Amino acid sequence: QMQLVESGGGLVHPGGSLRLSCTASGRTFSGYTVAWFRQAPGQEREFVSALRVTGGHTRYGDSVKGRFTISRDNAKNTVYLQMDSLKPEDTAVYYCAAAQGVILSSMSRLLSYREWGQGTQVTVSA
């Protein structure tokens, strides 16, 4: 079974950057789609970005397009989320998720993913 661990969250000023990491143990990401979701207090979990590790297809939520970039390092079995031009509304707990067999049209769907990490807090504040 795959275990996912997120890291890299923290406090950053508006306009700043952070890079989140999602590292898998137990299995490699080969054949998986890996996604980032986020959840702010009192709100539903929201799709941020996804990457099909084999083939490299990516998806981004409308609110982060042009500011966030998802990438992978196969040797480290890690997927990254580079977050630039951060805004206060990006404040949330960010979760990494993974699954096999996710079709392209379902990469942004919460229910497509079976494996979840514990989350890492990102706070954007002056």
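Computed over heavy atoms, backbone and side chain alike; hydrogens, waters and symmetry mates excluded. Here the structure is a predicted model, which is why all the values come from computation and not from measurement.
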Common cluster, Val64/Leu86, ILVMFWY with side-chain heavy-atom separation under 4.5 Å: yes
Decide side chain to side chain donor-acceptor pair (under 3.5 Å) for Thr78 and Thr23; before the verdict, give the C-alpha distance in whole Å, the side-chain angles of both, and the deciding distance to 0.1 Å. CA-CA 4 Å; Thr78 297; Thr23 300; 2.9 Å; yes
Shortest non-hydrogen contact from Pro14 toward Ala126: CD-N, 3.7 Å
Roughly how far, to the nearest 0.5 Å, is the CD atom of Glu6 from the CD atom of Gln118? 7.5 Å
Val79 versus Cys96: any side-chain heavy-atom pair under 4.5 Å? no
At their closest point, which heavy atom of Leu20 faces which heavy atom of Gly9, and how far apart are they? CD2-N, 3.6 Å
Would you compute the distance between atom OG of Ser30 and atom CG of Asn74 and round it to the nearest 0.5 angstrom? 8.0 Å
Whether Phe47 and Phe37 hold their rings parallel, tilted or perpendicular, with breakpoints at 30° and 60°: perpendicular
Under 3.5 Å, side chain of Glu115 to main-chain N/O of Gln3, donor-acceptor pair present? no
Atom CD of Glu89: over 12 foreign heavy atoms under 6.0 Å: yes
Identify whether Val124 and Val93 are in the same connected component of the hydrophobic contact network (ILVMFWY, side-chain heavy atoms under 4.5 Å). no
Criterion side chain to side chain contact (heavy atoms under 4.5 Å, CB included) on Arg72 and Leu51, from CA distance to verdict: CA-CA 8 Å; Arg72 69 191 186 275; Leu51 168 70; 3.7 Å; yes
At what distance, to the nearest 0.5 angstrom, does CG of Leu18 lie from OG1 of Thr120? 8.5 Å
Check the pair Arg59 / Leu104 against side chain to side chain contact (heavy atoms under 4.5 Å, CB included), numbers first and verdict last. CA-CA 9 Å; Arg59 294 288 186 271; Leu104 293 179; 3.7 Å; yes
Flag yes if more than 12 heavy atoms outside Gln39 fall under 6.0 Å of its CD atom; otherwise flag no. yes
Are Val122 and Val48 connected in a single hydrophobic cluster, I mean Ile/Leu/Val/Met/Phe/Trp/Tyr linked by side-chain heavy atoms less than 4.5 Å apart? yes
Correct closest heavy-atom pair for Thr54 and Gly31 would be OG1-N, 3.3 Å
Keeping the roles fixed (side chain from Ser112, backbone from Val102), state whether a donor-acceptor pair exists under 3.5 Å. no
Passes side chain to side chain contact (heavy atoms under 4.5 Å, CB included), Ser125 versus Leu11? Steps please. CA-CA 7 Å; Ser125 174; Leu11 173 64; 4.2 Å; yes
Nearest 0.5 Å, what's the NE2-CD1 distance between His57 and Ile103? 12.5 Å
Quick one: pull up OG in Ser7 and OH in Tyr94 and give me the separation to the nearest 0.5 Å. 15.0 Å
Which heavy atom of Met107 sits nearest a heavy atom of Arg52, and at what distance? CE-N, 3.8 Å
Where the side chain of Arg67 meets the backbone of Ser85, is there a donor-acceptor pair that is under 3.5 Å apart? yes
Between Arg38 and Ser63, is any side-chain donor less than 3.5 angstrom from a side-chain acceptor? yes
Hey, is the main chain of Arg19 close enough, under 3.5 Å, to the side chain of Gln82 for a donor-acceptor pair? no
Distance from Tyr113 atom OH to Thr33 atom OG1, nearest 0.5 Å? 5.5 Å
Minimum heavy-atom separation for Ser21 to Trp36, with atom names? O-CH2, 3.6 Å
Leu110, Tyr60: one ILVMFWY side-chain cluster at the under-4.5 Å cut-off? no
Any salt bridge between Lys87 and Asp90, counting N to O under 4.0 Å? no
Phe29 with Ile70, same ILVMFWY side-chain cluster at under 4.5 Å: yes
Pairwise side-chain contact, Met2 with Gln100, heavy-atom cut-off 4.5 Å (strictly under): no
Ring geometry between Trp116 and Tyr95 (parallel below 30°, tilted from 30 to 60°, perpendicular above 60°): perpendicular
